[in-house]
Amino acid sequence: MESKQSRASTRNSTCCPVKSTWHYERQFAETTTCHGVSHIVSSDRLWSKAIWSVFVCTAFVAVISQCWLLFSNYLHHHTVTEIRVLYEDRIEFPAVTVCNFNRLRKSVLEDWGIIDTDMREYLLAGFGAEGVLHGNLTFYPKTRHHRFLNISKTAGSKIPKDFEQVVRKAGTQFHDLITFCIFGGLPNFGVCADEAFQHTYTELGNCYTYKPKIPGYQYATGTNRGLTLGMFLRVEDYAETLFYGLIESGLRFHIHDPGEPPIMEGSGLSVAPGVHAYASIARTDFINLKDPWGECVNHSLTFFPKYTVQGCLLECKVKFIMSVCNCTPIAYPSVDGVPVCSPVEMLTCFYRKSIEFEFLKIQDTPCGISCDPACNYTEYDVALSYAELPGKSVAIEFAAEKNVTPEFLKKNYMELSVYFKDIKRTIIEQKKAQTPEGLISNIGGQLGLFLGASFLTLAEFGQYILIKLQHWCGTKDPDKKRKEALEKTKDNPSVDHRPVDTSQDNDCNNAKAAAVTYL
């Protein structure tokens, strides 16, 4: 009898110490929302425990590997491109810049006394024409400059002293070039008045940009629903030369965003006289991401209201030329207090420094920034088609209306119609392949798929780890504290001897019941 009581007492006395070590593991396994863990501790068979352990461990490995892949893809900052087409009731019309291939009018130069080809070539060198370095014009530029100054003295006040004014007066004039304008089928209706055109300098001299203060909109499709211009090119007044001038005759135009500079050499399209050119356009808007997802930037430019790659490169080149030549070319943006380069300055400085700029890294220039793609910009795709103008059946009547001969009309007159093919715009947007919200969602999906867990399950694991750390660091067991408090109240008669609730000690109570039964 004593041996049975002794064994029961031993089991009862060792119950709580055993519980203090394994109680929380069992409690966590039975109550956690992580699937499969409870089956490990509740299974009666060893082989069942082993199988469930393998399943749970495999699921944990799968979750960790999948989450690692998700984090890796997120940190690589991959992107995707989304293309969508947006149909609208109306669409804003772009800017249209037109230039005559003739940069200086022969009649004006002859009136100034500039008759010989040598002096015309000298003036044409002031525009930055390609091919100047390949001819003899680069020899003795100062001698030619002195000749021009002597001619200017002889002509008196006829010839402006500043090269910009020479181009402004001797170049193509607005009313000589553009004879009529129609927008949306209505002539000179607000957005097609003379004030809708802005004068600008390019490599082709005087150019004119259709950019009204109040933007125009196209509401319907059709060749007559956009902008139509009638233009006289006056090829008999061309002052271009064979070796240093432009040997073509016709018109060059560029369709661009109103906030961008016209790039006539790189993006312009050419049309010959004697035709009606139809330019069908389609608008595409680009939206790019900044670093680290993309490479777009939104630098503030000095000379242009909107950042573009072409505008950035042009501005950097202007600052570089200005720093080494102390002037700016006529085709580049003007700077207050900095004169326009004269032909002699173009010949002695600009042409060589311009080539030098092409081989410099952008960081070595006064610009000091990289001209990366813009975060938001617009491009216009142009499809050109042509028709003979005027037709043979109406050539005589059409020439009589213009008060010229049919032959003159054929060689000098042309029309240009710019219109949207469809009232829509295509948006090409660069997007993050993995967003922070998407990353969290994917991780939650992996936890639910393999473990049936959620982010609250992670809180359960955190709570369990904190309890174990308390135990390992020597913190007393809360159940043991309650027992010590109960013993103190029994020894102290002044203390209320109401029983302490130890109902949470389920394992010890079960062990005691088993001991009584054994006895």
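- The environment of His78 atom NE2 is dense: over 12 non-hydrogen atoms of other residues, nucleotides or ligands sit within 6.0 angstrom.
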Inset, instruction - Apply side-chain contact (heavy atoms from CB on, under 4.5 Å) to Tyr419 and Asn224, showing your working. - result: CA-CA 8 Å; Tyr419 57 95; Asn224 61 340; over 6 Å; no
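- The closest donor-acceptor contact from the side chain of Ser323 to the backbone of Phe320 lies under 3.5 Å.
- Interatomic distance, SG of Cys67 versus CG of Leu447, reported as 5.5 Å (0.5 Å rounding).
- Note that OG1 of Thr328 and OH of Tyr201 are 11.0 Å apart. Values are rounded to the nearest 0.5 Å.
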Inset, instruction - Please report the C-alpha distance between Arg425 and Glu88 in whole Å, then the side-chain angles of each, then the deciding distance to 0.1 Å, and finally whether the salt bridge (Lys or Arg N to Asp or Glu O under 4.0 Å) criterion is met. - result: CA-CA 8 Å; Arg425 54 193 179 100; Glu88 299 178 325; 2.9 Å; yes
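- Between the Arg90 side chain and the Tyr217 main chain, no donor and acceptor come within less than 3.5 Å of each other.
- Between the Glu82 side chain and the Glu429 main chain, no donor and acceptor come within less than 3.5 Å of each other.
- The minimum heavy-atom distance linking Phe450 with Ala59 is given by the pair O-CB, 3.4 Å.
- Using modelled atom types, one side-chain atom of His254 and one backbone atom of Ile263 make a donor-acceptor pair closer than 3.5 Å.
- Remark: Gln463 CD is loosely packed, at most 12 non-hydrogen atoms of other residues, nucleotides or ligands lying under 6.0 Å away.
- Taking both residues in full, the closest heavy atoms of Cys181 and Leu227 are given as SG-CD1, 3.6 Å, listed atom of the first, atom of the second, then distance.
- Relative orientation of the Phe55 and Trp52 rings is perpendicular, given thresholds of 30° and 60° on the angle between their planes.
- For Arg84, the CZ atom sits in a packed shell: over 12 heavy atoms of surrounding residues, nucleotides or ligands are nearer than 6.0 Å.
- With a 4.5 Å cut-off on side-chain heavy atoms, Pro262 and Cys207 do not count as touching.
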Inset, instruction - Go through the steps for His39 and Ser48 under the test side chain to side chain donor-acceptor pair (under 3.5 Å), then give the verdict. - result: CA-CA 8 Å; His39 291 281; Ser48 179; over 6 Å; no
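- Counting only heavy atoms from C-beta outward, the side chains of Leu229 and Val98 approach each other to under 4.5 Å.
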Inset, instruction - Applying ring pair (Phe, Tyr, Trp, His ring centres under 6.0 Å), run through Tyr208 and His199 and close with a yes or a no. - result: CA-CA 5 Å; Tyr208 301 94; His199 173 268; 5.6 Å; yes
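- Under the 4.0 Å criterion applied to side-chain N and carboxylate O atoms, Arg352 and Glu356 are not assigned as salt-bridge partners.
- Checking side-chain atoms of Thr209 against main-chain N and O of Lys211 turns up no donor-acceptor pair under 3.5 Å.
- When all heavy atoms of Gln218 and Phe93 are compared, the pair lying nearest together is OE1-CE1, 3.7 Å.
- The side-chain heavy atoms of Tyr332 and Met322, taken from C-beta on, include no pair separated by under 4.5 Å.
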Inset, instruction - Go through Asp285 and Asn376 one step at a time and tell me if the side-chain contact (heavy atoms from CB on, under 4.5 Å) criterion holds. - result: CA-CA 7 Å; Asp285 295 333; Asn376 297 276; over 6 Å; no
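- Using modelled atom types, one finds no donor on one side chain facing an acceptor on the other under 3.5 Å when comparing Thr284 with Thr426.
- Of the possible donor and acceptor atoms, none in the side chain of Ser441 sits under 3.5 Å from a partner among the backbone N and O of Glu437.
- With Glu460 contributing its side chain and Thr33 its backbone, the two residues share a donor-acceptor pair below 3.5 Å.
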Legend entry - Stepwise side-chain contact (heavy atoms from CB on, under 4.5 Å) test for Thr202 and Arg252: CA-CA 11 Å; Thr202 71; Arg252 195 161 181 83; over 6 Å; no
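- The shortest distance between side-chain heavy atoms of Cys99 and Phe253 does not fall below 4.5 Å.
- In this structure, SG on Cys349 lies 6.5 Å from CD1 on Ile321, to the nearest 0.5 angstrom.
- Using a 4.5 Å heavy-atom cutoff, the side chains of Pro212 and Phe183 are not in contact.
- Note on ring orientation: taking the six-membered ring where Trp is involved, the planes of Tyr377 and Phe286 are parallel (angle under 30°, cut-offs 30° and 60°).
- Side-chain contact between His35 and Leu451 is absent, with no heavy-atom pair separated by less than 4.5 Å.
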Inset, instruction - Begin with the C-alpha distance, continue with both residues' side-chain angles, and end with the deciding distance and a verdict on disulfide (SG to SG under 2.5 Å) for Cys312 and Cys371. - result: CA-CA 6 Å; Cys312 178; Cys371 294; 2.0 Å; yes
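- Between Phe28 and Tyr464, the ring planes lie parallel to each other; the angle is under 30°, not in the 30° to 60° tilted range.
- At least one side-chain heavy atom of Ile51 sits under 4.5 Å from a side-chain heavy atom of Trp47.
- Contact of the Phe303 side chain with the Val335 side chain is registered, since non-hydrogen atoms from C-beta on lie closer than 4.5 Å.
- When all heavy atoms are compared, the tightest approach of Gly250 to Asn100 is O-OD1, 3.3 Å.
- Cysteines Cys341 and Cys327 have SG atoms closer than 2.5 angstrom.
- For Asp257 against Tyr380, the heavy-atom pair with the smallest separation is N-CE1, 3.9 Å.
- More than 12 heavy-atom neighbours from other residues, nucleotides or ligands sit within 6.0 angstrom of NZ on Lys306.
- Taking CZ of Arg225 as the start and CD1 of Ile182 as the end, the distance is 12.0 Å to the nearest 0.5 Å.
- Taking OG1 of Thr378 as the reference point, atom CD1 of Ile287 lies at 9.0 Å (rounded to 0.5 Å).
- Here OH of Tyr307 is found 7.0 Å from CG of Leu301. Values are rounded to the nearest 0.5 Å.
- Judged purely by atom type and a 3.5 angstrom limit, Gln430 uses its side chain to pair as donor or acceptor with the backbone of Leu289.
- Scanning both residues, Gly259 and Phe304, for their nearest heavy atoms gives O-CB, 4.4 Å.
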Inset, instruction - Any chance you could lay out the side-chain contact (heavy atoms from CB on, under 4.5 Å) test for Ser267 and His256, step after step, and finish with the verdict? - result: CA-CA 9 Å; Ser267 303; His256 55 96; over 6 Å; no
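- A donor-acceptor contact shorter than 3.5 Å is absent between the side chain of Lys421 and the backbone of Ile281.
- Remark: Ile214 CD1 is loosely packed, at most 12 non-hydrogen atoms of other residues, nucleotides or ligands lying under 6.0 Å away.
- Without hydrogens or angle criteria, Asp422 side chain to Thr221 main chain gives no donor-acceptor distance under 3.5 Å.
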